[in-house]
Amino acid sequence: MSAFEVIQKVYEEQADLASYLREKNEISFLSALESYFPKVTLLGAASDLEARTVELIVSYFSTCTNSNKLAVNFVKNKAVNRQYHTYFDWDKKLAANKFFSLFGPECKRHVQNRCKSDETLRLSIDSFCEIGALRNQLVHNNYATFSVNLTTEEIFSKYQSALHFLEVFPGILDEILAIPEELFVDSSAEQL
């Protein structure tokens with residue numbers, strides 16, 4: 001069973017259980033369910049997005065280096081393992097800009113331009129960042145008392161939206177590589 005299927009099953013089981021508890025007028029149990037399941041769903045979704053992002057980066061560098069084991073191992077060991085949360089600035093509204101900047105100013109600019117004309121991509125990146133930021137808040141601000149202000153359904157919906165970003169990002173990198181060098185503005189002095 002894939003991570004998506006597991007997360008989807010958690011979401012569906014929570015919805016079924018919530019429906020049952022409403023039907024039986026078990027308000028206390030329903031309240032407890034509605035406070036715990038969003039946390040479980042959030043952690044599952046955030047973990048899957050992290051694993052997919054790491055896999056995407058390793059796969060991208062494997063393709064770029066023609067599966068050069070030395071280069072891929074270097075990327076895994078120095079640029080990927082235990083580095084995921086350094087790729088993003090979770091405390092900022094545009095947390096993903098830091099990630100795009102790691103691929104160079106052209107990438108950041110290209111994604112910003114794509115987002116102006118592609119609402120689905122923009123919303124997907126926003127959902128991705130919101131899940132990552134909420135996960136950080138949840139695990140660093142006392143899991144037991146932290147209140148997730150989204151329902152399980154809202155978290156699952158944002159997770160589904162966030163997956164679109166990871167599906168299209170390799171293609172975006174290919175688009176950038178296809179842009180002739182002379183079309184890039186000299187950005188050597190540009191601050192990101």
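The first residue in the sequence is number 1, and the count goes up from there. Computed from a predicted structure; not experimentally measured.
In this structure, the separation between CG on Leu33 and OG1 on Thr152 is 7.0 Å, given to the nearest 0.5 Å. Remark: Ile7 CD1 to Leu163 CG distance equals 8.0 Å, nearest 0.5 Å.
Residue pairs meeting the side-chain hydrogen bond (donor to acceptor under 3.5 Å, both in side chains) criterion with at least one partner in residues 121-137, sequence neighbours excluded, are Glu119-Arg122, Arg122-Asp126, Ser127-Ser161, Glu130-Lys158.
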Practice prompt. I would like to know whether Phe169 and Phe103 meet ring pair (Phe, Tyr, Trp, His ring centres under 6.0 Å); could you show each step before the answer?
Written response: CA-CA 12 Å; Phe169 191 63; Phe103 291 91; 5.5 Å; yes

Discussion item. side-chain contact (heavy atoms from CB on, under 4.5 Å), that's the test. Do Lys92 and Lys98 meet it? Break it down for me.
Written reply: CA-CA 10 Å; Lys92 293 191 176 172; Lys98 182 177 178 184; over 6 Å; no

Worksheet item: Stepwise, does the side-chain contact (heavy atoms from CB on, under 4.5 Å) test hold for Phe99 with Phe128?
Response: CA-CA 12 Å; Phe99 177 67; Phe128 180 94; over 6 Å; no

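Every residue meeting the side chain to side chain contact (heavy atoms under 4.5 Å, CB included) condition with Gln112, not counting sequence neighbours, appears here in chain and number order: Asn97, Lys108. Taking Tyr11 as the reference, Phe156 meet the ring-ring contact (aromatic ring centres under 6.0 Å, His included) condition, with sequence neighbours excluded. Considering only residues two or more places apart in sequence or on other chains, Glu13 meets the salt bridge (charged side-chain N to carboxylate O under 4.0 Å, His left out) condition with Lys9.
Crowding of Asn77 atom CG: a count of heavy atoms from other residues, nucleotides or ligands under 6.0 Å exceeding 12. Environment of CZ in Phe29: sparse, with no more than 12 heavy atoms of neighbouring residues, nucleotides or ligands closer than 6.0 Å. Within 6.0 Å of atom OH in Tyr20, 12 or fewer heavy atoms from other residues, nucleotides or ligands are found, so the atom counts as exposed in its surroundings.
Other members of the hydrophobic cluster containing Val6, listed by chain and number, are Met1; membership follows side-chain contacts under 4.5 Å among ILVMFWY residues, whether direct or relayed.
Two residues are said to be in side-chain contact when any heavy atoms from C-beta on lie closer than 4.5 Å; Ile172 and Leu121 meet this criterion.
Nearest heavy atoms, Leu150 versus Glu154: CA-OE1, 3.2 Å.
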Can you give each donor-acceptor pair under 3.5 Å made by side-chain atoms of residues 46-58, sequence neighbours left out, with the distance rounded to 0.1 Å?
| residue | atom | partner | partner atom | Å |
| --- | --- | --- | --- | --- |
| Ser47 | OG | Leu43 | O | 2.9 |
| Asp48 | OD1 | Arg52 | NE | 3.3 |
| Asp48 | OD2 | Arg52 | NE | 2.7 |
| Asp48 | OD2 | Arg52 | NH2 | 3.4 |
| Asp48 | OD2 | Tyr159 | OH | 2.5 |
| Thr53 | OG1 | Leu49 | O | 2.7 |

